[in-house]
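Inspection log for the structure reproduced underneath, given as structure tokens.
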Amino acid sequence: MATRTKSAAGARHRALGLTDDDLLQMYRTMVMARLCDEAQFRLNRQGKAPFVVPVSGHEGCQIGSAWPFRRGTDVFVPYYRDMGICLVAGMGPRDVFLAVFGKKDDPSSGGRQMPAHWSSAALGIITGSSPIATQIPHAAGIAYAMRYRGQDAVVGCWFGDGATSEGDWHEGLNFAGIHRLPVVWYCENNRYAISVPLSKQMAVANVADRASAYGFEGVVVEGNDVLGCYEASRRAIEKARGGGGPTLIELKTYRFHPHTSDDDDRTYRSREEVEEAKRNDSIILFGEELKALGILDDEAIERQRGELKAEIDAEVDRAWDAEDPPAETAADHVFAASGETMGFRGFAR
Ligand SMILES: Cc1ncc(C[n+]2csc(CCOP(=O)(O)OP(=O)(O)O)c2C)c(N)n1
């Protein structure tokens, strides 16, 4: 049975070793993700962005869970909804919009992949394929390789609740359990796989309950409690780094928008349900927590929002004006020339 964690209120961040400035940075990153999301939807409605994948609603669980990783050495294996994870890993709004517009300098694929198929060799972000859960065996394999090479690194792998019905998911977790690999699994459980509700995905109450079948701990965390996500994640990362093996962390969350810009969620969930979830928005809850601690006030929140919006609007314009990939390079990195290794050089020690 999975354990359920919930942190005590108060200045709990100090007990977690976080400074006031850390909290401000976390909050800023959450708002940045939200505003990038709003901008990409606007661009979609303007006909400038053919397809976008929303993050809104998931910011708290993404920023909280990714924050304790060591940038530069640890490895991030995100899925398409993980803009917030990639912002923590070191991407910025320009990277988001270069991908949205399919530009030459899109760091994820040079404009070859769909948007939200995040990737950066420099930042340790592993690209994912569109088929759900294919990143799970990749994450297990990377963790195995890193341990085999004696590297001091932990792999974080994120996915939705729908991914946990896939064979790849079970194979990857089983392998990680057998070899006690340094990987932390994060399920962003937003209760739907597009239109399919959780009750049609599994017959147990929590995704985390499944961890016991693979011989490691499963933990359920309220996904809109940023510091609760941080705390559970940090503990699991430290455990993995110390040789204690994997943990499955289930982050209970909700997506506020349709699955993608091509979905109509009115066909499978009520407006009341969506509005109810929005009342528990992690950005509002964290903002209230920071106000109660005297770290932020309403004026500072508004000012920061305005500054971030201006920054994001400028990055949208720069990305829109950026160069398109030259037509003659359309097949580069898509088909390997005979004997070519697709550019893979192995992970640096
Ligand atoms: C193997 C496979 N089956 C179906 C799809 C179509 N598909 C794309 S996203 C998605 C829903 C996945 O839901 P979940 O894992 O819960 O993540 P969420 O989108 O809710 O964040 C599906 C079924 C796919 N991409 N790959």
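Order of listing sets the numbers, starting from 1, for every ligand and every atom in it.
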Quick one: which ligand 1 atoms are inside 4.0 Å of a heavy atom on R81? 18 (P), 19 (O), 21 (O)
With heavy atoms of Y80 as the reference, note each atom of ligand 1 found under 4.0 Å away.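 So the atoms of ligand 1 that pass are 9 (S), 10 (C), 11 (C), 12 (C), 13 (O), 17 (O), 18 (P), 19 (O).
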Considering only the protein, which heavy-atom contact is closest to [atom], and what is its distance?
atom: atom 14 (P) of ligand 1; result: G162 N, 3.4 Å
atom: atom 22 (C) of ligand 1; result: I194 CD1, 3.7 Å
atom: atom 20 (O) of ligand 1; result: Y192 O, 2.8 Å
atom: atom 5 (C) of ligand 1; result: I132 CG1, 3.9 Å

E188, portion touching ligand 1 at heavy-atom distance under 4.0 Å: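 Under 4.0 Å from ligand 1, E188 contributes no heavy atoms.
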Looking only at N/O atoms, are P131 and ligand 1 under 3.5 Å apart anywhere? no
For residues H257 and D263, is any side-chain donor paired with an opposing acceptor at under 3.5 Å?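 Looking only at side-chain atoms, D263 and H257 do not form any donor-acceptor pair under 3.5 Å.
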Member of R34, R28, R81 meeting the salt bridge (charged side-chain N to carboxylate O under 4.0 Å, His left out) criterion with E59: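 Exactly one option meets the salt bridge (charged side-chain N to carboxylate O under 4.0 Å, His left out) with E59, and it is R34.
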Option with minimal heavy-atom separation from atom 25 (N) of ligand 1, where the choices are G57, S130, P54: S130
Check each of N190, D161, N224, N206 against K252 using the side chain to side chain donor-acceptor pair (under 3.5 Å) test, and report the only one that passes.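 So the option named by the test is N206.
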Interatomic spacing from CZ in F256 to CG in D281 - rounded to 0.5 Å: 4.0 Å
Restricting to non-hydrogen atoms, name the atom on I126 and the atom on I142 that form the minimum distance, rounded to 0.1 Å.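 So the minimum-distance heavy-atom pair works out to CG1-CD1, 3.8 Å.
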